[in-house]
Amino acid sequence: MPKLTVQNLAHKEVEVASGQTIFQALQQAGIDWMHACGAKGRCTTCRLVVTEGMSQFGTLTANETRYRDNGRLKENERLMCQATLQGDASGRVPLQTQLPHLRYAESS
């Protein structure tokens with residue numbers, strides 16, 4: 001099963017099942033993650049800055065494409081409520097969407 005490693009969250013790893021969004025896998029693993037719109041792809045608060053394995057993510061969804069086209073989602077970012085994973089990847093939670101009750105490593 002593919003794994004996502006969240007580098008600035010103590011290198012936590014979450015396995016993502018086929019057909020499951022990464023956000024669903026994070027919730028199943030008990031990892032708290034920002035999601036202001038209720039994980040419906042209507043905002044960008046659940047984004048991840050992908051540092052390794054961008055090619056391992058599924059195809060951009062219509063919502064991700066819309067945010068990318070209007071400059072709200074960078075080329076190296078994916079929405080966890082929309083994205084799926086086919087192979088191992090790594091990323092970081094951006095400072096703007098870090099939850100105050102979790103301890104994150106500083107960005108390098």
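FYI, side chains are in, hydrogens and waters are out, and symmetry mates aren't considered; it's all heavy atoms of this structure.
Within the 4.5 Å cutoff, the side chain of Thr97 has no heavy atoms near those of the Thr44 side chain. Using a 4.5 Å cut-off on side-chain heavy atoms (C-beta onward), Trp33 and Thr45 make no contact. Side-chain contact between Leu4 and Met80: present, with at least one pair of heavy atoms (C-beta onward) separated by less than 4.5 Å.
For Glu13 and Lys3, the salt-bridge test passes: some basic side-chain N is under 4.0 Å from an acidic carboxylate O.
To the nearest 0.5 Å, atoms OG1 (Thr51) and CZ (Arg92) are separated by 7.5 Å. Taking SG from Cys46 and NZ from Lys40, the interatomic distance works out to 12.0 Å, rounded to the nearest 0.5 Å. With rounding to the nearest 0.5 Å, the separation of CG in Leu85 from CZ in Phe57 is 5.5 Å. Here the straight-line distance linking atom SG of Cys81 with atom CD1 of Ile22 works out to 10.5 Å at 0.5 Å rounding. Between the CG atom in Leu48 and the OG atom in Ser90 there is a gap of 9.0 Å [rounded to 0.5 Å]. The structure places CG of Leu73 at 9.0 Å from OG1 of Thr65, a figure rounded to the nearest 0.5 Å.
For residues 42-51, every residue pair satisfying the salt bridge (Lys or Arg N to Asp or Glu O under 4.0 Å) rule, not counting sequence neighbours, is listed here: Arg47-Glu77.
A side-chain donor-acceptor contact under 3.5 Å links Tyr104 to the backbone of Leu99. Not one N or O on the side chain of Gln82 forms a donor-acceptor pair closer than 3.5 Å with the backbone of Leu79. A donor-acceptor distance shorter than 3.5 angstrom exists from the side chain of Gln20 to the backbone of Ala17, with no hydrogens or angles considered. Checked by atom type and distance alone, the side chain of Glu64 pairs as donor or acceptor with a backbone atom of Thr61 at under 3.5 Å.
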### Message
With side chain to side chain contact (heavy atoms under 4.5 Å, CB included) as the criterion, how do Lys74 and Arg68 come out once you've worked through the C-alpha distance, each side chain's angles and the decisive distance to 0.1 Å?
### Response
CA-CA 6 Å; Lys74 297 176 184 174; Arg68 189 152 296 161; over 6 Å; no
### Message
Run Arg72 and Arg66 through side chain to side chain contact (heavy atoms under 4.5 Å, CB included) and show every step you take.
### Response
CA-CA 9 Å; Arg72 291 186 57 200; Arg66 184 179 73 244; over 6 Å; no
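There is a path of hydrophobic side-chain contacts, each under 4.5 Å, that joins Ile31 to Val16. Residues Val14 and Met54 share a single hydrophobic cluster, defined by chaining ILVMFWY side chains whose heavy atoms lie under 4.5 Å apart.
Between Gly53 and Ala89 the shortest heavy-atom distance is O-CB, 3.8 Å. Leu9 and Arg103 make their closest contact through CD1-O, 3.7 Å (heavy atoms, listed as atom of the first residue, atom of the second, distance).
For Phe23, the ring-ring contact (aromatic ring centres under 6.0 Å, His included) criterion is met by His35, not counting sequence neighbours.
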